[in-house]
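As structure tokens, the structure follows; a few thoughts come after it.
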Amino acid sequence: MSGIPFLPVVKVRLRYSKYGKVRFLSHRDLARIVERSVRLAGLPVAYSEGFSPRPRLHFGLALSTGYESDAEFFDVDLDPSKGDPGAVEALPGRLAPCLPPGVTVTAAVLLDPGTPSLQEAVTSCTWRFELGPTDDAAASELAAEVAGLLAAEQLVVTLERKGKQVDEDLRPLILGLSFERTVDGDGVLHAELGTKPRSVRPAELLAAFRSSPEPQRVVRTHQWTMRDGQRCEPIGLVAPSPHAEVRAS
Amino acid sequence: MSQGPTPNPGFAAGSESIWGRLEPLLSRVQKPARYIGCEAGAREPQWGPGKVSWLLVYPDTYEIGLPNQGLQILYEILNERPDAVAERAYAPWIDLEAELRAHGVPLFSVDTHRPAGAFDLLAFNLSAELTYTNLINCIDLAGVPVRAAERGPDDPYVVAGGHCTYNPEPLADFLDFVVLGDGEEVVSEITEVMVAHRGAPRETVLRALCRVEGVYVPSAYEVTYEGQRLVAVEPRWPEAPERVEKRTVADLAEWPYPKNQLVPLTEVVHDRLNVEVFRGCTRGCRFCQAGMITRPVRERPADQVRTMVAEGLRRTGYDEVALTSLSTADFSGIADVVKGIIDDPACGGNVSVSLPSLRVDAFGVDIAAELQKGRRTGLTFAPEAGTWRMRQVINKLIREEDLYEAVESAYSQGWRRVKLYFLTGLPTETDEDTLGIAELGRNCVELGRKHTKSPSVTVSVGGFVPKPFTPFQWFGQNTVVELQRKIHLLRDEVRKNRGVQMKWHDPRASLAEGLMSRGDRRLGRVVEEVWRRGGTFQEWSECFRLDLWEEAMATHGLDPDWYTYRHRTEDEVLPWDHLSAGLHKDFLWQDWQDSLAEVGLPDCRWTPCYDCGACTGYGIEHIVASATPPAGGSQGTGQDLGTGGLLPPVLAEAVPVSISAGPSGAGAGGAA
């Protein structure tokens, strides 16, 4: 392989959901699980060169331990010289038996050469915060707080960075925020949070609420990229995520 | 953190999953992935009426406990039985324990998150003395009375197995019964007793269990003391044997377990495929309890090893396999087996093979070279003592030239770091022996300099704790002060040499370990007291509290010196004399005398039997595919060991440093 500057690799992007007990896996744990699953499924994964070759897998924005998601992604480079990669549509089915219950590959596409990495491309994420039973008083307080946060010109929070206290304005990174109450009386917050120049963590948004809501579940529902001035997902889904069926708990 | 004194009334047994109550707590603790289960290879336990339910508990964290092969073997065997179901639990870390206690949530299985109290048996794996307080904590977190005598008809039976159970006396008050030796067969026999006696009074069940070979029921024995002295441990029920013999699986080939090794979703120690290639060891290292109590040697057939490796790699997706045993380089035809795995296309190529213990000679390094084709970072050897004299005392018959050959061979083949394991506080050890460790380290660095600019040698030193059923069971261990002095002496000497680093274990932990290792039933109050005062996770240096142990000993009028530092006499009744690992006590005593006389004893795999009792007593024998001793080095047997530390001229030439011949007078440590 030496002397060839670019391996003729096939780049594939996969989308997966993470629900149930496995939500307590860390990003790092999940990366190891994915690495093992592609090996178990027999995919001809390309390896990096060098002293200790690693499978060429590329992960997107980390999902905090404890959160669930409909919209996680990873890219994998396949090396056709090592074996037939098969149809890209077949990948979700091939990986399914190699992943723990609750981690489900929901889509796979071939990437055009030069497609920017997930880390580069994603500009924002949409989150759902499930607050559980919320009475009228709490609901109106939350609705008022949401209105107040949206109306604010700036939202300065103090963060600790490298041991120093830093003031930062969150407001420009709150791209959308709403509150609703379901027919069952459960409160739900929806938020779109920017990732450039840095990702706002869902916990930072919650900390900006005076009522300090404690969600039972936090779900990343979308990651967004911009293409031709349009907001779109790295891979869209044909059908909604079947997460209700794959919950492990 | 609320501790033992307040029992948890909320822990009533129910068989439903507690996941819903646990889930909100997991968001608040470190590394919550260790509590979710979901491993590849985990069983879907099939509960059913009349089935005997086992909760297999490892009394330390998930990261330490999950890879335990013994627990995984029993998990599979029990779940294959139509009349049993088995799940697993691990000690929750301190943060989760506080949450569990604050919210009245009990200890749970990681398989289906059932409460521990819903199981018929809580079966603990005891691999280390310093986990004893965790065992009590787990019983309490299960909502079960910690003392066996206080348990009622609906409480689970608490049982323990594993190496520490060869002296279970410090835990006698907390355990309903104990299993000695290999568990593969006896778990089935216990299950059958539980089925046959379902609903019977506890004493009826325990009396029936006394009849199962290898099962020891502490409450079936009366202990008599005269002052400090233990006088007798005698059966008080007719069902209880005078001496409980260990269980031994005659042929490992019949037990190709684990068949579905668990693959955890989060990082654990030894995170790789493990295939046990043999059980037992007859090297006869006198400090080594594992080698003494697991005799005889039973090799797994090489073909079965290959199949287990290929199948295991295919099923788990691991790219690393460890061939485990107490001394894997001694496996008959090890070089062929290793080569076979590496070349086997069924193993998928790109597989790395590791041996957990490397023999200290060039042969061992050659095998390591075969294994590690790519990056070669560090190799570990265990010479255990710094002088030939000392190594004769402990019967670790490694000549200095073996070590130097091994180290030179390692550096010349591309390794850059060498780690050497040693014990200090050994019988008859003099300062010259201790300082010999520094000299070996220095010479190894010198050898490395011939091959690399900055060779690194790490010398790791542990304080020796005598263990039951070894020739050193009569030896009074070194005091904390003495161990500290030796470590400082060695540290100061090591500092003079660039390239040698030294690490050491906390000598204070050796004292606590020593109390448990050879303690009697009176220690139970101490373990309980330390636990009640919050002394869990004593294996973890950040949690270890010697003050708790010392205060608890004082509170209960027990003298730590008497238990740990005192040499025992030949006629003394030892707290484990009513138990048996198959070894004749007079064989052990003779070996102790030989040790003091600095006489080594060769490996009986390849030399005539000297009747230690392990084979003859049970009518079994070594199962070794090759009757030929392994090649190379003094650790093959039948070789002339008379040269000791003296180097043959050809090697002396190659080593540009002075080598001491070693022998010196016996130190003050001997019991004679």
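Quick note on labels: first sequence line is chain A, next is B, and so on, each numbered from 1. On a predicted model such as this, the values are computed, not experimentally measured, just so you know.
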Any chance CZ of R161(A) has more than 12 other-residue heavy atoms, nucleotides or ligands included, within less than 6.0 Å?
yes
Pairing residues for T307(B) by the side-chain contact (heavy atoms from CB on, under 4.5 Å) criterion, not counting sequence neighbours:
E311(B)
Do side-chain atoms of R36(A) reach the backbone of G317(B) as a donor and acceptor pair under 3.5 angstrom?
no
Check whether any side-chain heavy atom of L265(B) lies under 4.5 Å from a side-chain heavy atom of D29(A), and answer yes or no.
no
Hey, are the side chains of S27(B) and Q216(A) touching, using non-hydrogen atoms and a 4.5 Å cut-off?
no
Give a yes or no on this: more than 12 heavy atoms of other residues, nucleotides or ligands lie within 6.0 Å of atom CZ of R28(A).
no
Chain A contact via R34(B) - side chain, backbone, both or neither, heavy atoms under 4.5 Å:
neither
Those residues of residues 266-276 of chain B, ordered by number, that approach chain A below 4.5 Å (heavy atom to heavy atom):
T266(B), E267(B), D271(B)
Is the number of heavy atoms from other residues, nucleotides or ligands under 6.0 Å of R417(B) CZ greater than 12?
no
Side chain / backbone / both / neither for I33(A) at chain B, heavy atoms under 4.5 Å:
side chain
For P100(A) against C38(B), the heavy-atom pair lying closest together:
CB-O, 4.3 Å
How about L40(A) and T316(B): do any of their side-chain heavy atoms sit closer than 4.5 Å?
no
Could you go through R39(A) and Y318(B), starting from their C-alpha distance and side-chain angles, then the distance that decides it, and tell me whether this counts as side chain to side chain contact (heavy atoms under 4.5 Å, CB included)?
CA-CA 9 Å; R39(A) 194 161 56 222; Y318(B) 276 124; 5.6 Å; no
The criterion is ring-ring contact (aromatic ring centres under 6.0 Å, His included); which residues satisfy it with Y35(B), sequence neighbours excluded?
none
Which residue pairs pass the side-chain hydrogen bond (donor to acceptor under 3.5 Å, both in side chains) test when at least one of the two sits in residues 182-192 of chain A, sequence neighbours left out?
S124(A)-E192(A), E180(A)-H190(A), E192(A)-R231(A)
Rounding to 0.5 Å, atoms CG (L22(B)) and NZ (K21(A)) come to a distance of 9.0 Å
Under the criterion side chain to side chain contact (heavy atoms under 4.5 Å, CB included), I'd like the reasoning laid out for K31(B) against F24(A): C-alpha separation, chi angles, the key distance, then a yes or no.
CA-CA 8 Å; K31(B) 301 189 197 167; F24(A) 293 108; over 6 Å; no
